[in-house]
Amino acid sequence: MGMKLEQYLSELRPIAVIGNIEQEVSDIASDSRKATDGALFVAVRGTLTDGHRYIPQAYTQGCRAFVVEDLPDEKPEGCCFVQVSDTAEALASLASAYYGHPSRHLTLVGVTGTNGKTTVATLLYRLFRKMGYKAGLVSTVCNYVDDRSEPTTHTTPDPLALNALFRRMADAGCEYAFMEVSSHAAAQKRIGALDFDGGIFTNLTRDHLDYHGSVPEYLRAKKSFFDGLGAQAFALVNADDKNGLVMVQNTRARVCTYALKSMANYRAKIVERHIDGMDMYMDDREVFVRLVGDFNAYNLLCVYGASCELGQDREEVLRILSELTSVDGRFQTFTSKDGYVAIVDYAHTPDALINVLDTIRPLAKSHKVITVVGAGGNRDKGKRPIMAKEAARRSERLILTSDNPRDEEPQEIIQEMAIGLSTEDRKKTLLITDRAEAIRTACMLAEKGDFVLIAGKGHETYQEIRGVKHHFDDREVVCDAMSKDRIVQ
């Protein structure tokens, strides 16, 4: 992987280059602790720290090549400083070059939107593997290099980890790769220099306002992904979302749409709903799918449209779509021997919570819906009372509890959620700080035919309290509360 620094300069648009460009570069680093002899240190301004402050540390560790936005006053002899306008962009370009531009060797499709990213990316990965292709997946839940799983830390890894992952996919013979593209990743240019063959937009609702500050900023971050697509790519957007066509206003990609309500290139209709699936019409063909809810109808239609845009046979895609089952922690159902159903779902935004509860309500018929929900600490506080209000409106009983309180006091988060409740809502609401106790209480309150929704954490296997991650899995607690009786649907 080693090349001369001079060769890497062709990947950048330097404003100034000062020093020895003949030196060998054996590694690219954005973490100063890894910036040692032979490394090219890229000083990125992050949300918490500024890499420029760590140049002296990298120098003492033996690093002699630096990519910066601001040239330092002191420039030690033997060093090279490459000044660029945006080091985050530079890092993405250098990471791609360092690993031999692996995304160019894959048919890479990115999925962005508030809800549905994980489900759409995972279902595409599963569908293409069932069609006989080698494929990779980059998701919140797990990364896959064909059939080998790798753990994840962020929705979208940093450019170095991401390109290393794509390199492993290309080397393993993967033809396709499907990845979630978070708004953070787009805003931080983590996906810069990747060669996308397709972009998908699911929907846009309130989320991550703790990071982006406002809905327009959040929209702009997601739109930047489509702005960057090339003319050879496709851009598939949800025409039922008012932001769908906004996303592709400035894209060079081939625009196509999917919808349940509007005119679109790919259309579907739900004919009948069941606890274990739905009868649907998809492009005028009847198909039974094993996922439930309007939001999953959108997800499946989106997967169908993307597969068609990638040139796959429509009949074969529909056949395999009917075999696919839900993603871990996404509307995952557990049936107790007492005859009630518990559903574990990742819904952690008002819109996602509404979608899930609106799916459960007709299935529950005249029985009770009992909802257990919290809100994450150190995140958008504005959604807390909204989530409580919407959950109360759609449930017979509501239990407000902890999610991942992080550095905040759990009781304070719960109180901030409770502000959204009316006097009538409060009469049917319990405040239980201990999440396991909250889940057990909901199961104790449930009778035959009732539905218990446990929302917010889904697939997560930890609870983060004051910076420490403790093992915690909603699904394990539910199964325990059901006395180990478990039927997964």
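Ring geometry for Phe295 versus Phe331: interplanar angle of 30 to 60°, hence tilted.
Inspection of the Glu476 and His471 side chains reveals an N or O donor paired with an N or O acceptor under 3.5 Å. For the residue pair Asn243/Lys223, the side-chain donor-acceptor check at 3.5 Å is not satisfied. The closest side-chain donor-acceptor pair between Asp241 and Asn203, if any, does not fall under 3.5 angstrom. Side-chain contact, Arg379 with His348: no donor N or O sits under 3.5 Å from an acceptor N or O. A donor-acceptor contact closer than 3.5 angstrom is absent between the side chains of Gln332 and Ser326.
A salt bridge links Glu416 with Arg384: the closest approach of a Lys/Arg side-chain nitrogen to an acidic carboxylate oxygen falls below 4.0 angstrom. Salt bridge status for Arg129 with Asp146: present, with a side-chain N to carboxylate O gap under 4.0 Å. Ionic pairing of Asp70 and Arg45 is present here: one or more N-O contacts between side-chain nitrogen and carboxylate oxygen are shorter than 4.0 angstrom. Arg314 has no carboxylate O lying under 4.0 Å from a charged side-chain N of Glu316, or vice versa, which leaves the two without a salt bridge. Salt bridge absent: Asp227 and Arg252 never bring a charged side-chain N and a carboxylate O closer than 4.0 Å. Ionic pairing of Lys381 and Glu408 is present here: one or more N-O contacts between side-chain nitrogen and carboxylate oxygen are shorter than 4.0 angstrom. Asp240 has no carboxylate O lying under 4.0 Å from a charged side-chain N of Lys261, or vice versa, which leaves the two without a salt bridge.
With respect to Cys302, the side-chain contact (heavy atoms from CB on, under 4.5 Å) criterion is satisfied by exactly one of Tyr258, Tyr266, Phe201: Tyr258. Test Asn299, Asp283, Leu124, Leu123 against Tyr304 for side-chain contact (heavy atoms from CB on, under 4.5 Å) and you get one pass: Asp283. With Leu127 as the fixed residue, the side-chain contact (heavy atoms from CB on, under 4.5 Å) test singles out one of Thr122, Leu300, Val303: Val303. Applying ring-ring contact (aromatic ring centres under 6.0 Å, His included) to Phe178 and the options Phe166, Tyr125, Phe128 leaves one that passes, Phe128.
The closest donor-acceptor contact from the side chain of Thr257 to the backbone of Asn265 lies under 3.5 Å. The backbone N or O of Tyr54 lies less than 3.5 Å from no partner atom in the side chain of Ser32, so there is not a single donor-acceptor pair. At least one donor-acceptor pair under 3.5 Å links the side chain of Asn404 to the backbone N or O of Glu464.
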